[in-house]
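Protein chains get the first letters and strands the later ones, always in sequence-line order, with residue 1 at the start of each.
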Amino acid sequence: MTGFAIETHSLTRRFGEQIAVDGIDLRVPRGSFYGFLGENGAGKSTTISMLTGVLAPSAGGVSVLGLAPGDELKRRIGVVPDGLLLFDRLTGREHLIFVGRLYGLSREESGRRAEELLSTMELSADARKLIADYSFGMRKKLALAAALIHGPELLFLDEPFEGVDAVAKASLTALLADLVRRGHLTVFLTSHVLEVVERLCDQVGVIHRGRLVAQGTLSGVVQAVPGASTLTDAFVSLVGEGRGATRALSFLP
Amino acid sequence: MTATAAQARALIALRITLWWRRMVQGRQWVRIAVGGMAALVGLLFSASLCILAWQSARQLGRSPETLRLRGGPLALFASWVTLALAGRAWFGIVAMAQGQAFLDPRRFRGFPVSQRLLSALNLVALLFDPVWLILYPPLIVIALAVAGLPEAPAAWAMLCAEIMAVFCTAGILHLAAAAAALLDARPLLRRGFSVLLLLAGIAGFQLSLSVPGQRGIETLFTADRWGLMRWSPPGWTAQAAQALSRGQLAAAFWSLLLLLSGLFASLAAHALSQRELSRPPEPVRVSVRAARTSGWKLPLAPGSMSALLEKEAKTAVRIGWLQLVIVPVAYLLLVHAVLPGPQPLLIAAVYAHLGVLEISTNAFGRDVDAARAWFLWPVTLRSVLFAKNAVAYLFSLAIFLMLALVAAFSSDLEAGQLLVGLLAHAAIFPLLATFGNAISVWFPVPVRGARLRRVRGTGPIGARLTAMLLLAGAAWAPYAIAQVTGVHLYAAYAGELVALLIAYPALLGAAARLAASRRESLLGALARDE
């Protein structure tokens, strides 16, 4: 077993002529909080899909927790993708129990963990509501709860803070930081909210147009970029390519 | 006015472009082929109705006494037009559980598009839906055929009256569609409406049977009842035709009644849809008891399978009952008025499965984005499909038993007929399950929110037709074999059941492999906008 929770070798994914992920070599240390950054369409979600086994790579190799994507790996990871994996016609509590039972937990244990997770996520008051009637922030919290119910070793979070209000964001951030601090969990997170990534993550990787352009400790990546003092500076420098100056629109005064 | 016309052109072009991209650029060749087959069947049905109307009119022309007993040409015209329009209205009620407006007003709230324009375009679009296209030729033939009878109004006058009647019916259907949207946002109200519809259907049908030896709409138009019926909308249509034909001023009165009815219904539909736009959907809360349960524990089933079955059953129950209760009402009409026979529950066996076609042929549609979970969680696709099939079967069985109850009350149902029906119902389900699983993987359609229906369903409508033919063939094949070979009827159906139960695990495995091989396109389709 290596010291990496995730290791890829020249991982590539093509969609027809388009190369979404172009031969990346990820190294995510166990017990780390890894921030995977990139602009829209850079290949972050495609990479997560390949790491979790939803999408087959076109080329290259993947090792997650020492395993190839498959049933054994599914039991040991938790995933909160962009689509959240929530069944709208169940209540929050029913959904958590359902997920727990699919992971092999007993009804009683699923129920106990569901109560605890709902309480932690401050969703207990809405336990009777159908998920369809949840707000977006509540859905995000419930999706995170569902990803945690079986006690995964590795958690994949795709844009967990997108569309979440400041209060919910603060509580999610605190919860995730606490989970990693306890040492059992590795978190692989993609986010556009760089200040949160800077506060949470000890490791980062930056993907740009399908290629991994930087990877390492947070401070190492920032220091490697000339003139950068924050992660935001480094990120803009790595992927911005001179963009940022907006041209005026001819039809507006 | 020019700006409104430009907007109308842009909106129509938008729908055509989206349709074209979905069907042609999306390379939905199978969907197009199935749609083509459905169009062909519709064409044949339309032609059959035309021939039926023409031949019936010729026969009545040769028998003046029968024509007189039927109320004369005017009552005949009214009753035939009513039959056609009642058929259209019936499909309209079914469509409340299937389709949706041509242009969804909610999508255009943020744009400077007049809501009146959207309502008007939706009304016009209603006139070009497939059921109307099937009915237009028979309506024309009815006018031409009745015009050949003595003392009948001129064909052109009857055609004019039909146009007004069609406008009136379309307005009412428009209003029904707006009411359906209202029900979409209120699950409790929809359930109440479903039950009311069922009761009304049964009561109405029993009422129509109350006159011994007389059944169906035509009995309402006999000579002795014409005095009353002339004041009903069908009567307005017939009298408008007669007055037009004779050049009487009364034509304006009857025409105005029809046109104002259609207009009023359309305006009411518009007002209702505007009111709905500003109201949030009604949140659903489950009972305290249901909220406290730790999930189902089914005997002999592993925990994960119990959980899957619970999830699927709760999803199906919470999406509404409308379609499930429409089926028994339609069955009443079908069996007693159209297709009586020695094994009435064979029709029920097929018809019960039609009630769950929506969930069988779009098994992943309500999972939408969450369908990704089936590839991320430690659960096999085989188990997932089995749970979905099992829940569909149980719902279908519930409908079948309801139909059997209806049949028992309406006629002398024998135990043997019930057994044959039960065997046929169980035997043909593996076919529906397999067909539905394949269609669900090939043509997944996202259904968001509390809707029972899918928003766009052109392909699956063809799929439903194919399923109906497949099921009907499988339901009657053992009957035919028993008749030809002399094998006992029970043995023929039991044999079919055993054969398909043996085949089901292999078919389920094939469907699971198909889903695994097409997971990217499946998830992609479900993540798309409706």
Side-chain angles (χ1 to χ4, degrees), chain A residues 13 15 48-49 52-56 69-112 114-115 126-134 139 143 146-147 150 156, chain B residues 187 280-297 302-320 366-380 383-384 387 446-451 516-517 519-520 523-524 526-527:
Chain A
R13 175 69 206 198
F15 294 104
I48 285 194
S49 292
T52 54
V54 172
L55 207 58
D71 286 348
E72 175 55 26
L73 178 63
K74 287 177 185 175
R75 294 186 180 279
R76 293 171 58 183
I77 62 172
V79 188
V80 183
D82 198 21
L84 298 184
L85 312 183
L86 298 174
F87 292 104
D88 279 356
R89 308 317 293 167
L90 299 182
T91 66
R93 187 171 177 279
E94 284 172 346
H95 181 80
L96 291 180
I97 293 173
F98 166 64
V99 177
R101 296 182 74 194
L102 288 191
Y103 278 97
L105 301 178
S106 68
R107 291 163 69 219
E108 294 72 23
E109 182 59 17
S110 288
R112 194 187 67 72
E115 296 292 353
D126 300 292
R128 281 175 61 202
K129 265 192 194 171
L130 294 188
I131 295 170
D133 297 324
Y134 275 26
R139 292 169 70 89
H150 60 294
F156 289 94
Chain B
E282 181 183 291
V284 178
R285 280 180 186 275
V286 300
S287 69
V288 177
R289 191 166 153 266
R292 305 286 353 141
T293 175
S294 289
W296 293 1
K297 188 179 179 184
S304 60
M305 181 51 72
S306 291
L308 278 171
L309 288 167
E310 180 183 1
K311 178 256 164 191
E312 293 301 332
K314 285 182 170 171
T315 302
V317 166
R318 290 171 185 170
I319 57 176
R366 282 162 197 84
D367 293 340
V368 279
D369 295 333
R372 186 176 290 270
W374 306 133
F375 302 97
L376 280 169
W377 294 344
V379 59
T380 63
S383 314
V384 173
V447 185
R448 297 180 197 280
R451 266 194 295 277
S517 68
R519 63 181 168 185
E520 287 164 33
L523 296 176
L526 291 173

For Glu520(B), give me all partners under side-chain contact (heavy atoms from CB on, under 4.5 Å), at least two apart in sequence or on another chain.
Arg13(A), Leu55(A)
Listed by chain and number, what are the side-chain contact (heavy atoms from CB on, under 4.5 Å) partners of Thr52(A), not counting sequence neighbours?
Ile48(A), Val54(A), Ile77(A), Val79(A), Phe156(A), Leu376(B)
Please state whether the side chain, the backbone, both or neither of [X] comes within less than 4.5 Å of a heavy atom of chain B.
X: Ser49(A); answer: side chain
X: Pro81(A); answer: side chain
X: His95(A); answer: side chain
X: Ala56(A); answer: both
X: Ile97(A); answer: side chain

Would you call [X] and [Y] a side-chain contact if the rule is heavy atoms closer than 4.5 Å?
X: Arg107(A); Y: Ser110(A); result: no
X: Trp374(B); Y: Asp367(B); result: yes
X: Lys311(B); Y: Phe87(A); result: yes

With only heavy atoms counted, which part of Arg372(B) is less than 4.5 Å from chain A, the side chain, the backbone, both or neither?
both
